[in-house]
Undergrad: 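Okay, handing you the structure first.
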Amino acid sequence: MADFREVADRVWVARYEWFDVNVTLVAGERGVLVVDTHGSGAAAAEVVDDVRRLGAGPVVGIVNTHWHFDHTFGNATVRGAFGAVPVTAHEEAARELAEGAERIKQRYADSDDPHRDDVLATTIVLPDQTFSSARVIDLGDRIVELVHPGRGHTAGDLVVRVPDADVVLAGDLVEESAPPSLGEDSWPMEWPLSLDLVLTLLTPATVVVPGHGAPVDRAFVEQQRDQLGTVAETIRHLAGRGVPQADALDAAEWPWEKERLETAVRRGYEHLPPGQKRLPLV
Ligand SMILES: [Zn+2]
């Protein structure tokens with residue numbers, strides 16, 4: 001059980017212990033939008049109970065901020081409870097979830113994680129409403145904007161903006177409870193530029209809800225953008241000097257522990273255009 005806490009007019013966030021992940025509700029005249037659905041059918045059953053307990057109205061839609069299972073594996077359970085409401089996501093998020101869901105289940109099947117059985121029992125529901133750049137959801141007396149700011153944490157991140165409440169739900173493009181996660185499907189060289197676009201949507205007073213952790217403000221997002229910018233620029237600098245990828249982590253200072261950045265460096269080197277890489281000196 002987690003409490004939905006109102007962070008702005010009719011915008012509630014519940015923070016769940018498993019993955020420290022946020023589920024957000026945005027309510028309007030027509031009903032409630034559920035943004036992200038947690039990591040398994042069982043985890044989402046808890047979310048459904050908490051949504052019912054809040055009693056903010058009927059659920060009329062689901063939004064997935066990106067494909068990762070801690071944000072999408074609850075889709076079926078939320079639909080089971082509230083009806084076959086539309087599930088909206090970026091087109092790449094839908095594609096990556098279709099491709100990646102079985103891989104996630106396999107990873108749990110091979111583990112002794114306490115959530116193993118719940119993850120394996122989860123029915124996957126793919127987003128059925130997709131878009132490439134932007135989409136508006138009309139909740140009657142208020143609109144909600146979904147914007148794909150470019151690639152970053154994944155290829156298909158979106159941010160949710162509630163203009164009348166000055167709230168932006170950033171998904172995992174922004175993280176508060178841990179450094180941003182630069183995984184196998186991340187775009188470290190493009191992430192800072194995507195956050196530049198997100199920053200254009202923020203005022204000094206905007207409440208920014210990260211994918212994980214407590215709500216933050218514009219200054220926090222600026223700082224995280226600068227740290228991600230340092231990672232990208234350091235990769236560009238090292239590759240341009242001919243430092244081999246294998247030596248890159250030890251050849252510079254990084255904003256976070258090196259162990260977190262192995263994948264970022266590898267992906268960054270791979271994504272750099274050939275003209276920006278120099279062959280290593282022998
Ligand atoms: Zn994620």
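Please read all numbers here as calculations on a predicted model, not as lab measurements. Just so you know, ligand 1 is whichever comes first in the structure, and atom 1 is the first atom listed for that ligand.
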Undergrad: Excluding waters, which protein N, O or S atoms are within less than 2.8 Å of the Zn ion (ligand 1)?
TA: His66 NE2, His68 ND1, His153 NE2, Asp172 OD2
Undergrad: Mind checking whether Thr154 and Glu92 have side chains closer than 4.5 Å, heavy atoms only?
TA: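 They are not in side-chain contact.
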Undergrad: Looking at Asp36, Leu158, Val34, Leu169, which one forms a side chain to side chain contact (heavy atoms under 4.5 Å, CB included) with Val63?
TA: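 Exactly one pass, corresponding to Leu158.
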Undergrad: Just list the side-chain donor-acceptor pairs under 3.5 Å for residues 246-254, sequence neighbours left out, or say none.
TA:
residue : atom : partner : partner atom : Å
Asp250  : OD1  : Lys258  : NZ           : 2.8
Trp254  : NE1  : Leu249  : O            : 3.0
Trp254  : NE1  : Ala252  : O            : 3.3

Undergrad: Sequence neighbours left out, cut at 3.5 Å: what donor-acceptor pairs do the side chains of residues 3-14 make with other protein atoms?
TA:
residue : atom : partner : partner atom : Å
Asp3    : OD1  : Arg53   : NH1          : 3.3
Glu6    : OE2  : Arg10   : N            : 2.6
Arg10   : NH1  : Asp141  : OD2          : 2.9

Undergrad: Please find out if less than 6.0 Å separates the ring center of Tyr108 from that of Phe73.
TA: no
Undergrad: For Ile143, enumerate each residue passing the side-chain contact (heavy atoms from CB on, under 4.5 Å) test, keeping only those at least two apart in sequence or located in another chain.
TA: Val136, Asp138, Glu145, Pro163
